[in-house]
Each structure stands twice: as C-alpha cells, then as structure tokens.
2 protein chains.
Amino acid sequence: MELDERKITILKAIIRSYMETGEPVGSRTLSKLPNLQVSSATIRNEMSDLEEMGYIVQPHTSAGRVPTDKGYRFYVDEIMKEKDIELKEKDSQLTEYKELMDKRVDRLEYVLKHVAKLLAANTNYATMISGPSSRRNKIKFVQLSRMEKNRILVATVFEGNIINNRIIAISEDISEKEIGELNMLLNTSLTGLTMNEINLATIMKLRSDAGDYSDVIDQVLTEISEAFTNNEEEELEVYTSGATNIFKYPELTGGDAAGMLIEQFEKKDELRQMLGEINEGYAADAENAGIRVYIGEELPMHDMSDCSLVTANYDFGSGISGTIGIVGPKRMDYDKVLGTLKSVMKQLEDTFRI
Amino acid sequence: MELDERKITILKAIIRSYMETGEPVGSRTLSKLPNLQVSSATIRNEMSDLEEMGYIVQPHTSAGRVPTDKGYRFYVDEIMKEKDIELKEKDSQLTEYKELMDKRVDRLEYVLKHVAKLLAANTNYATMISGPSSRRNKIKFVQLSRMEKNRILVATVFEGNIINNRIIAISEDISEKEIGELNMLLNTSLTGLTMNEINLATIMKLRSDAGDYSDVIDQVLTEISEAFTNNEEEELEVYTSGATNIFKYPELTGGDAAGMLIEQFEKKDELRQMLGEINEGYAADAENAGIRVYIGEELPMHDMSDCSLVTANYDFGSGISGTIGIVGPKRMDYDKVLGTLKSVMKQLEDTFRI
DNA sequence: GTTAGCACTCACCGTAATCGAGTGCTAATC
DNA sequence: GATTAGCACTCGATTACGGTGAGTGCTAAC
C-alpha cells in the first residue's frame with residue numbers, strides 16, 4: 001500500500017493533534033478539520049490503513065489512534081526535508097541568546113551552562129549540553145607562578161580559552177628568574193601540542209633542558225596530563241536544565257516513570273557518555289552534520305524509550321566539540337525544537353568558531 | 001500533664017516505627033514491642049494523652065498515630081542531648097570520606113561536590129552544599145601572564161586556594177618585563193586584602209605607580225572585583241546530589257508534590273540563598289555552632305514544609321565558610337544523619353582549616 | 001469511492017457494599 | 001488507682017457494578 005496525499009494529511013493531522021493534547025485522536029475530531037472535508041467514516045477507513053502500515057496504533061480497542069515511532073519518524077523526516085527552516089532574524093529569543101554570548105566570549109563553560117537554561121525555558125523540555133571535549137585540544141599557553149615559598153600555580157590554557165589550574169608543591173628552592181626560564185621552556189616546547197603529541201622525545205628534551213629542575217618539569221607534566229584527561233573524565237561537565245519539565249507531560253510521569261527519568265538526569269556520567277558517543281558519530285560522518293532526532297527505541301539510552309531526543313553538534317575547530325540534546329516526550333513539538341536548536345547552533349558557531 | 005518515662009518510651013517507639021514504615025502506627029503494633037509489656041488498651045490511653053499534648057496526631061479518626069513536628073522536635077532534641085555521638089573510628093564510610101579529602105587538598109570545589117554525592121549515597125536523602133563564600137576572603141596572589149599578542153590572563157588566587165581566571169584584551173603593546181613589574185606591583189598592593197579593603201587610596205596608588213599602564217590596572221581591578229562578586233552571585237555553586245532519593249518516600253511524592261520538590265532542587269539560586277542565610281545565622285551566633293535540625297514548618301523554605309533539613313556549617317577561617325544541608329522526609333533517620341554529618345564535618349575541618 | 005447508520009467495545013466515572021485496622025469507652029480485674 | 005478485656009463504632013481502602021460516551025468496524029445505500 002502507498003502513502004497517498006490524503007493519508008499523509010491525515011497522519012500529520014493525527015500527530016499534530018496528539019502533540020497538542022496528548023490524547024488519542026478519533027475520526028470525528030479529524031473530520032472537523034478544515035483541510036479534511038470528508039466524513040468520519042472515510043477517515044476511519046484511512047486510519048485503518050495507516051494502522052495496518054504501522055504508522056499509528058490504538059492503545060486499546062475503541063480508543064482513538066496514537067502515532068507510533070514509525071509515525072513520528074515519518075513526520076520528523078518530513079519536517080527535516082523542508083530544507084532550512086527560515087531563521088527569523090527578528091526573533092526575540094535569538095537576540096536573547098546573542099546577548100548572552102556576546103557577554104563573555106572567553107567563558108565557553110559559562111555560556112553553555114546558560115544556553116542549557118535558556119533552551120529548557122524556551123522549549124519546556126529538558127536539555128543537556130556536554131562541555132567541550134579536549135583530548136584532541138591544543139595547548140595554547142602554560143604559565144607557572146610562584147604562589148608561596150614552595151607552591152607553584154600551574155595555569156594551562158587550551159584552544160578555546162579553556163583554562164585549567166593546578167597547584168603543585170615543590171621541594172627545591174627556585175628563584176623567580178628560574179621560574180621565568182621554565183615558563184619560556186615549557187611554552188616553546190608545548191604550545192600547539194595535543195595530549196597525544198607530547199611524546200617521550202619532547203619530555204626528554206624538556207627534562208634535560210630544565211637541568212636541576214627536571215623533577216619540577218615532571219610534576220608540571222603530570223598536572224598537564226591530568227588537566228587533559230580530567231577534563232575528559234571528571235570535569236568534563238554535562239550541563240542539564242529543566243529536568244522537571246517532564247512533569248508537564250503526563251504520559252511520562254505515569255507510575256514511577258517520573259522518578260526513573262529524573263534519575264537518568266542525575267546520572268551525569270551516563271549522559272556524558274551518551275552525548276560523547278553521539279558526538280563521535282557526528283565526527284565520523286561529517287556530511288550528516290546538523291540536527292538529529294532519535295525517537296523512542298532509537299534512543300541510545302534504553303531507559304528513556306518513551307522519549308525523543310533531538311541533538312545538535314557544535315564543533316569550533318581544534319577538537320573543541322560537543323553535543324546539545326533536548327529530551328521531551330515523543331509528541332514533542334519537533335518543529336519548534338528544530339528551529340530553536342538551529343538558530344542557537346548558528347549563533348554559537350558564529351561566536352566561537354576559531 | 002507531664003511526659004513520664006512510659007510516655008517517652010511510647011513516643012520514641014511511635015517515631016521509630018513511623019520512620020521505618022511511613023505508616024501510621026497503632027496501639028496493637030506497639031504492644032508487641034519487647035520493651036513495652038502492657039496491653040494495647042493501656043497504650044491507647046497513653047497515646048490519647050500524647051495526642052492531647054500535641055506530640056502525635058491521627059491523620060483521620062480510626063487511623064494510627066503519626067508524630068507531629070513537635071514530636072519530631074522532642075525526639076531530635078533528645079538525640080542531640082546524648083552529647084557527642086561517638087565517632088566510630090573504624091567506620092568504613094569515614095575512611096571513604098578521608099580518602100576523598102586526602103586526594104586533592106587543593107581543590108575544595110572538587111571535594112565539596114563529591115562530599116555531596118557521598119552523603120546522598122550513604123544517607124539516601126538529598127544533599128546540598130554551598131560552595132565557599134568569598135566576599136570576605138583575602139587575595140593571596142595575583143598573576144598576569146601574556147597569552148597572545150594583546151591578551152592577558154589574569155589569575156587570582158584567594159585564601160583557600162580558590163582560583164579565578166579572566167582574560168583581558170589590551171590595546172597597548174606591553175613587554176614581558178613590564179608585565180613582570182605590574183605583577184610585582186599588584187601583589188605588593190593587593191595581597192592579603194579583601195574586597196572591601198581595596199579602597200580608593202589603594203587604587204589611586206596602583207594607578208599612579210603603573211604609569212603608562214594605568215588602564216591595564218583598571219581592567220585588572222575590574223576583573224578582580226568581578227572575581228569577588230561573581231564568586232558570590234554566579235559561580236558560587238550549590239552542589240546538589242541525590243534529589244531523586246525523595247522518590248523513595250511515598251509521603252513526599254503524593255500527587256504532584258514530587259515535581260514541586262525536585263523543582264526546588266533545580267532552583268539553585270534559592271537554595272544558595274537559603275544556605276547563605278543559614279550560614280549567616282551560624283556566623284552571628286558562634287557558640288551555637290554544630291548541627292541544626294529544621295523540622296517541617298521550621299524550614300526556611302516554605303515549599304518544603306513536608307521535609308526536614310539537617311544543616312552543618314563549615315568554616316575554615318579567612319571567611320571561607322559554607323553550609324551543608326541534608327533534606328529528607330520528616331521521618332528521616334536523624335540518628336544516622338547526625339552521626340554521618342558530624343564525622344564528615346570533622347574530617348573536612350581537619351583537612352581544610354587554615 | 002464515499003457516506004450514513006448501527007451494533008459493539010471498553011476505559012472511565014460515580015455509587016454502593018464490604019473489609020479491617022484502629023479507636024474510645026465501659027466494666028471487670030489486679 | 002492502674003490495667004486489661006471486650007465491644008461498638010469510625011472511616012479509609014478495596015472491590016464490585018452499572019451507566020456513559022467516545023470511538024471503532026462493518027454493512028448497505030448513495
């Protein structure tokens with residue numbers, strides 16, 4: 001059987017109606033729509049066909065129809081096909097984001113956190129953003145400064161102005177002048193390198209150049225390496241916001257489902273991993289960049305199969321990339337979410353791309 | 001009427017039983033307890049008295065009794081009276097905390113975040129910790145470093161090794177040597193000062209000493225001032241953990257109450273303010289340090305009047321202080337919470353007190 | 001191919017009946 | 001006077017049940 005014009009109209013109408021109300025939609029309701037000038041009986045026949053084809057389903061006999069994952073998938077693909085969703089330049093929310101970003105270009109972290117909040121507030125869904133992955137990121141600048149007699153502050157700045165501080169304790173007495181020399185040494189050796197590019201040869205050269213202070217160099221390198229990996233595993237935050245929005249959608253909060261979902265949102269580790277995998281996916285398949293939609297069972301996280309997830313990837317070059325995700329009920333307003341996400345991504349990339 | 005021995009035994013038994021089950025407790029249940037060798041009728045009489053005195057209440061006629069806020073208050077005071085709850089040195093959880101703290105003395109933030117997590121996991125309640133307030137904190141060290149041609153990294157370290165970084169853009173060309181001089185100047189002028197102590201005289205002196213670079217000084221001071229206040233308003237985090245634990249207590253999740261509560265936990269602003277006020281309270285009344293318990297209506301946050309809050313204050317000197325709070329149902333296991341909190345506080349203070 | 005009509009299904013709602021844990025009271029007992 | 005046994009009573013929780021209505025599928029007429 002084919003999806004003819006009328007079937008498509010009906011399917012879309014069902015989905016849209018279900019999006020609004022969250023209630024199964026019946027044939028009579030549809031027959032009253034202006035763009036469907038046929039009787040309810042006709043619609044019933046069409047619905048029967050749609051059900052057979054797997055786009056919709058009845059929760060129980062004698063109830064209206066509800067879209068299946070396949071139905072949503074069709075709808076989303078249809079939306080995505082409508083090429084570039086026009087970016088309304090005057091959109092108030094867009095300027096809202098823009099202001100936020102102009103404010104503090106040097107604090108990506110800060111901006112991401114607030115973007116999560118704004119997205120949650122604007123869409124009424126839950127949002128999550130993974131902070132920039134930096135394992136492939138380059139060192140821009142290293143600075144040792146003596147804080148106290150035998151404590152040194154190691155500040156490492158990565159591309160994208162991601163700053164990491166460590167404090168190390170040293171045993172030797174070291175003069176300001178020598179610290180200056182070590183700084184010079186470190187910067188000439190390390191600037192522009194990624195974690196993987198700091199190899200044994202580099203390290204050996206550094207140590208021999210440092211002379212008496214080779215063990216200070218060791219400590220500094222340890223801290224820098226931790227700065228790399230720790231970013232990855234510990235401090236690579238996932239910013240979430242609006243998790244409580246799910247309480248607005250009764251179909252997600254039946255029974256103890258609400259608890260389960262909110263709990264998912266507290267498991268930052270798993271979220272981070274999930275977003276990380278999605279991010280990898282984007283990297284592997286560059287042409288398919290942009291926005292992706294995962295519906296129900298398609299979700300990488302099994303416990304959330306009653307939800308949909310819309311993701312977008314940011315990549316500012318130099319290995320600074322991450323993922324934004326918006327989670328809502330399957331009947332989320334894909335149109336709005338896709339539009340909002342698109343404009344936010346544009347804004348982010350314009351501001352931060354190196 | 002007086003609270004005689006037997007009434008106290010019964011009251012405690014009611015509270016303990018209610019803590020375990022969350023169900024109203026009846027006279028027959030109590031009569032079966034080993035330390036109450038009287039008939040249910042006798043207990044009924046006593047319960048009637050206790051109700052009259054306001055320690056317990058019936059949710060409805062013909063139901064068992066449930067402790068009132070006053071009842072809990074009595075119970076908690078009773079526990080607190082049992083002076084120092086013995087710190088079991090060999091307690092596995094204590095070593096767990098200790099390991100955590102030894103690991104990274106220089107990252108208070110990191111430790112606090114993980115303490116929140118551990119507390120939530122160990123107690124099964126929700127925890128929140130306010131990061132150290134620093135408005136009254138002293139500058140320990142300031143360091144300018146040139147990152148790029150006209151970008152300077154301003155690293156400010158406060159007492160307690162709280163590090164704050166800013167990046168400023170400068171128009172003038174400035175040599176390494178001159179940056180070194182500015183560093184010297186800034187450190188001699190600012191080290192040891194709090195926000196309020198940086199007055200006009202200090203600023204004027206700095207500017208005149210800086211000569212041609214007085215506007216760099218201006219920028220640096222702006223950033224430092226923001227570092228102070230921003231710590232206070234933006235980045236002064238509240239770390240929460242285990243919010244979903246509340247789903248384990250049905251009496252908190254009836255209706256949409258669960259949503260409300262979880263929402264409270266997402267409002268970091270309000271939590272921070274609440275913890276801040278509590279912290280102020282501790283400061284104002286030093287002798288009453290230690291642990292406090294807020295029951296039901298006593299809570300500073302009105303929407304949480306079905307809960308209890310146990311708080312403890314940490315103060316490491318130099319104005320670095322904050323508050324830890326544990327939120328649970330009124331029938332929370334006060335004994336355990338008080339003990340756990342006490343040992344954690346001790347550990348924290350031992351490790352961090354300056 | 002479309003529509004009107006009709007019998008049928010089934011979640012939902014409100015009411016009634018039942019059940020049982022728990023109380024308060026009274027009278028007997030220690 | 002304190003304690004206890006016994007009993008009537010209360011009231012939330014659970015189950016049972018009939019009515020209602022939205023919605024379907026099918027058939028026959030248009």
Side-chain angles (χ1 to χ4, degrees), chain A residues 1-11 13-15 17-18 20-33 35-68 71 250-251 254-255, chain B residues 1-11 13-15 17-18 20-68 71 250-251 253-255:
Chain A
M1 205 174 326
E2 267 305 295
L3 265 186
D4 61 22
E5 199 58 40
R6 193 168 67 186
K7 284 194 174 54
I8 291 179
T9 315
I10 290 177
L11 177 54
I14 291 174
I15 293 178
S17 164
Y18 186 65
E20 276 176 34
T21 65
E23 297 292 319
V25 14
S27 54
R28 235 181 93 72
T29 319
L30 292 177
S31 72
K32 276 182 257 169
L33 292 180
N35 52 344
L36 272 177
Q37 298 295 2
V38 288
S39 81
S40 64
T42 313
I43 294 183
R44 276 204 291 282
N45 290 331
E46 298 284 37
M47 282 164 91
S48 187
D49 292 349
L50 284 171
E51 180 157 15
E52 203 180 319
M53 286 186 268
Y55 290 103
I56 55 181
V57 78
Q58 288 182 283
H60 55 262
T61 341
S62 91
R65 304 306 212 285
V66 160
T68 60
E251 73 266 40
Chain B
M1 204 172 332
E2 266 305 294
L3 264 186
D4 61 23
E5 199 58 40
R6 193 167 66 186
K7 283 192 174 54
I8 292 180
T9 314
I10 291 177
L11 177 54
I14 292 174
I15 293 179
S17 164
Y18 186 65
E20 275 175 35
T21 65
E23 297 292 319
V25 17
S27 55
R28 234 180 93 71
T29 319
L30 292 175
S31 72
K32 275 182 258 168
L33 293 179
N35 52 343
L36 271 176
Q37 297 295 4
V38 287
S39 81
S40 62
T42 313
I43 294 183
R44 277 203 290 283
N45 291 332
E46 297 285 38
M47 282 164 90
S48 188
D49 291 349
L50 284 171
E51 178 157 18
E52 202 180 319
M53 286 186 266
Y55 290 104
I56 55 180
V57 77
Q58 289 182 283
H60 55 262
T61 339
S62 90
R65 305 305 214 282
V66 159
T68 59
E251 73 267 38
T253 56

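All chains are named by letter (A, B, ...) in the order of the sequence lines, taking the proteins before the strands, and each is independently numbered beginning at 1.
- Using modelled atom types, one finds no donor on one side chain facing an acceptor on the other under 3.5 Å when comparing A/Arg28 with A/Ser40.
- At least one donor-acceptor pair closer than 3.5 Å links the side chain of B/Thr21 to the backbone N or O of B/Ser17.
- Separating the CE atom in B/Met47 from the CG atom in B/Leu11 is a distance of 10.5 Å, to the nearest 0.5 Å.
- The side-chain hydrogen bond (donor to acceptor under 3.5 Å, both in side chains) analysis of residues 45-59 of chain B, with sequence neighbours excluded, yields the pairs B/Arg6-B/Glu46, B/Lys7-B/Glu46, B/Lys7-B/Asp49, B/Glu51-B/Arg65.
- Stem regions for DNA chain C, each three or more consecutive Watson-Crick or G-U pairs with both distances under 3.5 Å and listed by first number, read C:1-30 with D:1-30.
- Contacts between residues 42-63 of chain A and DNA chain C, defined by a heavy-atom separation under 4.0 Å, are made by A/Thr42, A/Arg44, A/Asn45, A/His60, A/Thr61, A/Ser62.
- Side-chain contact between B/Leu50 and B/Leu3 is present, with heavy atoms from C-beta onward closer than 4.5 Å.
- Heavy-atom distances under 4.0 Å link DNA chain C to B/Gly26, B/Ser27 of residues 21-33 of chain B, given in residue order.
- Listed by chain and number, the residues in a side chain to side chain donor-acceptor pair (under 3.5 Å) with B/Thr42 are B/Ser39 (sequence neighbours excluded).
- Taking a 6.0 Å sphere around CD of A/Glu5, one finds it holds 12 or fewer heavy atoms contributed by other residues, nucleotides or ligands.
- If you take CD1 on A/Ile15 and CD1 on A/Ile56, they are separated by 9.0 Å, rounding to the nearest 0.5 Å.
- The shortest distance between side-chain heavy atoms of B/Ile14 and B/Leu30 falls below 4.5 Å.
- Note that OG1 of A/Thr29 is 11.5 Å distant from CG of A/Leu36, once rounded to the nearest 0.5 Å.
- Atom OG1 in A/Thr9 sits 10.5 Å away from atom CG in A/Leu33 (nearest 0.5 Å).
- Heavy-atom distances to DNA chain C give each of B/Gly64 and A/Ser39 a nearest nucleotide, and the one nearer the 5′ end belongs to A/Ser39.
- A nucleotide of DNA chain D counts as in contact with chain B when one of its atoms lies under 4.0 Å from a heavy atom; the first and last such, 5' to 3', are D/dT3 to D/dG12.
- Atoms CD and CD1, from A/Glu2 and A/Ile8 in turn, are 9.0 Å apart once rounded to the nearest 0.5 Å.
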